[in-house]
Trainee: 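Let me begin by handing over the structure; questions about it come next.
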Amino acid sequence: QVQLVESGGGLVQAGGSLRLSCAASGRTFSTYVMGWFRQAPGKDRYFVAAISWSGGTTYYADSVKGRFTISRDNAKNTVYLQMNSLKPEDTAVYYCAAVESLLMPLLSTQDGYDYWGQGTPVTVSS
């Protein structure tokens, strides 16, 4: 069992930066693949980024590649999403997700993850 709590969301101007944090509690956090998803009002939840258990491999949606960086600190049981050059299109509720033994075809799908946080809202103004 893993519990995830996101924080760091808020209101930011276009072009600005924000860093989201996801604090995890559980026995095997360091062995879990961690991901970030986002859901805009009235829209589906979409993949943003993921990171391997070791932190050595990362994956990004094309829409955020080059602007967002996912990282993790296993000693702190925390995963981060550094968001730079934010655009109004990035406005959404951002969710942290975790899974042990992720199937690669499900990397960017909600079905690939077993645990989810409550989400933290991010609003990017123009």
Trainee: Verify side-chain contact (heavy atoms from CB on, under 4.5 Å) between T91 and E89, making sure each step is shown before the conclusion.
Mentor: CA-CA 5 Å; T91 295; E89 305 92 273; over 6 Å; no
Trainee: Measure from NZ or CZ of R38 to the centre of the six-membered ring of Y95 and say whether it is under 6.0 Å with the direction within 45° of the ring axis.
Mentor: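 Here R38 fails the 6.0 Å and 45° test against Y95.
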Trainee: Can D90 and K87 be counted as an ion pair, charged N to O under 4.0 angstrom?
Mentor: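 Salt bridge: no.
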Trainee: Taking all atoms of both residues into account, what is the closest heavy-atom pair of A92 and A40, and its distance?
Mentor: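 Here A92 and A40 meet closest at CB-N, 3.7 Å.
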Trainee: Taking side chain as C-beta onward, heavy atoms only, is F47 less than 4.5 Å from W36?
Mentor: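 F47 vs W36: side chains apart.
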Trainee: Within the side chain of Q82, is there an N or O that forms a donor-acceptor pair under 3.5 Å with the backbone of T69?
Mentor: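 The answer is no, because no donor-acceptor pair under 3.5 Å joins these two groups.
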Trainee: Within the structure provided, determine whether T120 and L20 are in side-chain contact (heavy-atom separation under 4.5 Å).
Mentor: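 In short, these two side chains touch, coming nearer than 4.5 Å.
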Trainee: Report yes if the side chains of M34 and L4 come closer than 4.5 Å at any heavy-atom pair, otherwise no.
Mentor: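 SC-SC contact between M34 and L4 confirmed.
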Trainee: Considering non-hydrogen atoms only, spot the tightest contact between Q110 and W116 and give its length.
Mentor: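 Looking at all heavy atoms of both residues, the closest pair is O-CZ2, 3.5 Å.
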Trainee: Pick from W53, Y32, Y115, Y113: which one makes a side-chain contact (heavy atoms from CB on, under 4.5 Å) with E100?
Mentor: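 That would be Y32.
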Trainee: How close do V2 and A24 get, counting heavy atoms only, and between which atoms?
Mentor: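 Smallest heavy-atom distance, with atoms named: CG1-CB, 4.4 Å.
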Trainee: What are the two closest heavy atoms between L102 and V33, and how far apart are they?
Mentor: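 That closest heavy-atom pairing would be CD2-CG1, 3.8 Å.
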Trainee: Name the residue from T58, V48, L18 that meets the side-chain contact (heavy atoms from CB on, under 4.5 Å) definition with F68.
Mentor: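 Among the candidates, only V48 passes.
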Trainee: Hey, are the side chains of C96 and V79 touching, using non-hydrogen atoms and a 4.5 Å cut-off?
Mentor: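 In contact.
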Trainee: Using the rule that two of Ile, Leu, Val, Met, Phe, Trp, Tyr join whenever any of their side-chain heavy atoms come within less than 4.5 Å, decide whether Y94 and L107 are in one cluster.
Mentor: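 The answer is no; the residues belong to distinct hydrophobic clusters.
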Trainee: Between the side chains of S17 and N84, does any donor sit under 3.5 Å from an acceptor?
Mentor: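 Yes, side-chain donor-acceptor contact under 3.5 Å.
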Trainee: Determine, step by step, whether V5 and C22 satisfy the side-chain contact (heavy atoms from CB on, under 4.5 Å) criterion, reporting the C-alpha distance in whole Å, the side-chain angles of both residues, the deciding distance to 0.1 Å, and the verdict.
Mentor: CA-CA 5 Å; V5 180; C22 174; over 6 Å; no
Trainee: Within the structure provided, determine whether M104 and Y59 are in side-chain contact (heavy-atom separation under 4.5 Å).
Mentor: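 They are in contact (side-chain heavy atoms under 4.5 Å apart), so the answer is yes.
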Trainee: Given side chains that start at C-beta, do those of Y80 and R72 come closer than 4.5 Å, heavy atoms only?
Mentor: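 No, every pair of side-chain atoms sits at 4.5 Å or beyond.
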